[in-house]
Amino acid sequence: MESDKQENNNNNNNNAVGSDTANLPEECVAIMVSLTSPRDACRLSAVSSTFRSAAESDVVWARFLPSDYISLLSRAVHPVRYASKRELFFLLSGRHILIDRGKMSFGLQKSSGARCYMLSARTLSIVWGDAPQYWRWISLPDSRFSEVAELINVHWLEIRGKIQSKLLSGKTKYAAYLVYKINGHGSRSFSFQPQETAVIVGDHISNHTVSLANKDETCRNTIMFRNFLRWRGVLTLPYIEDEDNDVFDDADDDETVDIAGSSHLRIDGWMEVELGEFYNNEGENSEVEMSFMEVKGRHWKRGLLVQGIEIRPKF
């Protein structure tokens, strides 16, 4: 009997709370919802008709948009048309818009509303990028930008980009990614020596050792290169006879390289590899420096297509 009474009391209390919430003015509910996140706002819209109406209001979605969204839209290459703040949010979180004469793109992360940017290859500092014997600029139909950089032949590969931290969302962990493709047999030229990446913000340094090459190809070419050096008398270690084995049992620990970063296929058909990460504090205005390099191998590299560097939240 006591347990039944307690259960009835709990049900009555829950009903009272639900009734009180349902009787709140829509403006109050909208303010409450705006203090959550875009993901939570969508979930709360299923609670009741009052919540649904409040969760679709401009009061809520104006809070999720950047405070300077009007200024950002004024920099768009093409006019951005929308009927409500909610529609604008999902437009920006569904795809990037081109800004600054098509040299950069901007978007929002759907779950949090955090800002995302992509710097086109034209905005990056590419060593010998303007020398046609080393790099050329081409157009590809699946690129976000009108031009991408194609590597013809270099032995010193160095790509750098910069962005001001004040352009990004505060209190957010970010990562930078090189967005690229490798055409033809270009992957082979990246298999002899791993590449080095870094993201620097003030005193913070995040760096990785990565490889754009196919793993099996990296193993095969490394073996061939080491055996060539032995043949020339540069290395004195025994030959590796099992070329399918990617573990060099005869190598010393200090000869091995830990490949921390790996490439991933994006939904747009391009590849990406993480350059590094950083935490963007509220109110800071620092320069975020990003780099991708391979300058130690001194061998010629080719076939790399660079679309740009994307900076987005990392969770």
Side-chain angles (χ1 to χ4, degrees), residues 103 118-140 143-145 147-163 175-200 205-226 228-229 255-266 269-277 287-311:
K103 303 301 183 184
M118 185 167 172
L119 310 178
S120 70
R122 273 296 187 189
T123 66
L124 306 179
S125 173
I126 302 176
V127 172
W128 294 320
D130 293 326
Q133 67 268 37
Y134 300 125
W135 291 85
R136 69 171 179 170
W137 296 87
I138 62 174
S139 298
L140 292 178
S143 171
R144 184 177 299 175
F145 305 104
E147 288 183 305
V148 301
E150 181 182 17
L151 175 58
I152 304 300
N153 217 14
V154 297
H155 63 80
W156 185 286
L157 177 60
E158 182 175 347
I159 302 172
R160 296 182 179 274
K162 296 179 181 180
I163 191 171
Y177 302 84
L178 179 73
V179 180
Y180 72 96
K181 283 184 179 181
I182 296 182
N183 62 15
H185 299 290
S187 178
R188 294 179 183 176
S189 61
F190 289 93
S191 61
F192 295 105
Q193 180 75 28
Q195 298 83 56
E196 297 177 347
T197 72
V199 172
I200 303 174
I205 301 176
S206 172
N207 48 30
H208 296 312
T209 299
V210 303
S211 178
L212 303 189
N214 175 275
K215 182 180 178 181
D216 293 335
E217 196 166 90
T218 300
C219 172
R220 181 173 60 254
N221 286 352
T222 301
I223 292 171
M224 292 172 61
F225 185 60
R226 287 162 61 91
F228 170 76
L229 293 179
E255 285 190 293
T256 62
V257 177
D258 182 22
I259 306 297
S262 59
S263 301
H264 301 281
L265 179 65
R266 295 160 53 96
W270 288 73
M271 301 293 294
E272 68 177 23
V273 64
E274 183 180 318
L275 305 180
E277 61 186 40
E287 190 170 67
V288 181
E289 302 177 53
M290 303 154 287
S291 64
F292 174 87
M293 302 176 63
E294 201 291 275
V295 298
K296 294 181 178 179
R298 309 297 291 178
H299 60 278
W300 292 91
K301 294 162 279 290
R302 62 182 61 86
L304 177 66
L305 298 169
V306 178
Q307 185 177 176
I309 294 179
E310 186 168 80
I311 305 99

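Everything quoted here is computed from the prediction, not taken from an experiment.
Remark: His299 engages Phe192 in a ring-ring contact (aromatic ring centres under 6.0 Å, His included) (not counting sequence neighbours). Residues passing the salt bridge (charged side-chain N to carboxylate O under 4.0 Å, His left out) test with Lys103: none are found, sequence neighbours excluded. Qualifying ring-ring contact (aromatic ring centres under 6.0 Å, His included) partners for Tyr134, counting only residues two or more places apart in sequence or in other chains: Trp128. Here Asn207 pairs with nothing under the side-chain hydrogen bond (donor to acceptor under 3.5 Å, both in side chains) rule; sequence neighbours left out. Applying the ring-ring contact (aromatic ring centres under 6.0 Å, His included) rule to Trp300 yields the partners His155; only residues at least two apart in sequence or on another chain are considered. Qualifying salt bridge (charged side-chain N to carboxylate O under 4.0 Å, His left out) partners for Glu272, counting only residues two or more places apart in sequence or in other chains: Arg266, Arg312.
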From CA spacing to verdict: side chain to side chain contact (heavy atoms under 4.5 Å, CB included), Met290, Ile163: CA-CA 9 Å; Met290 303 154 287; Ile163 191 171; 4.2 Å; yes
Chi angles and distances behind the side chain to side chain contact (heavy atoms under 4.5 Å, CB included) call for Glu150, Trp137: CA-CA 6 Å; Glu150 181 182 17; Trp137 296 87; over 6 Å; no
Intermediate values then yes/no, side chain to side chain contact (heavy atoms under 4.5 Å, CB included), Val179 and Ile309: CA-CA 6 Å; Val179 180; Ile309 294 179; over 6 Å; no
Side chain to side chain contact (heavy atoms under 4.5 Å, CB included) between Thr209 and Thr197, intermediate numbers included: CA-CA 6 Å; Thr209 299; Thr197 72; over 6 Å; no
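Closest approach of Ala176 and Val199 over heavy atoms only: CB-CG2, 4.0 Å. Scanning all heavy atoms of the two residues, the minimum distance from Trp135 to Val127 falls at NE1-O, 3.4 Å. The two residues Lys162 and Leu119 come nearest to each other via the heavy atoms O-CD1, 3.4 Å. Closest approach of Ile126 to Ala121, counting heavy atoms only: CD1-O, 4.1 Å.
Taking the side chain as every heavy atom from C-beta outward, His264 and Met271 never approach each other to under 4.5 Å. Contact check for Glu196 versus Lys296: side-chain heavy atoms found under the 4.5 Å cut-off. Counting heavy atoms from C-beta outward, Phe190 and Glu294 have side chains that stay 4.5 Å or more apart. Looking at heavy atoms from C-beta onward, Ser263 lies in side-chain contact with Leu212 at the 4.5 angstrom threshold.
Atoms CH2 and CE, on Trp156 and Met293 in that order, are 6.0 Å from each other to the nearest 0.5 Å. For the atom pair Asn183 CG and Ile138 CD1, the distance stands at 7.5 Å (nearest 0.5 Å). Between atom CD of residue Gln193 and atom NZ of residue Lys301 there is a gap of 8.0 Å, rounded to the nearest 0.5 Å. Rounded to the nearest 0.5 angstrom, Ser206 OG and Glu274 CD are separated by 6.5 Å. How far CG of Leu305 is from OH of Tyr180: 11.0 Å, rounded to the nearest 0.5 Å. Atom CZ of Arg122 and atom CZ of Phe145 lie 13.0 Å apart (nearest 0.5 Å).
A salt bridge between Glu289 and Arg160 is absent, with no side-chain N of the basic residue lying under 4.0 Å from a carboxylate O of the acidic one. Salt-bridge annotation for Glu147 and Arg136: absent, with no side-chain N of the basic residue lying under 4.0 Å from a carboxylate O of the acidic one.
Thr123 places a side-chain N or O within donor-acceptor distance of the main-chain N or O of Ser120, the cut-off being under 3.5 Å.
Partner of Val306 under the side-chain contact (heavy atoms from CB on, under 4.5 Å) criterion, chosen from Leu151, Leu178, Val148: Leu178.
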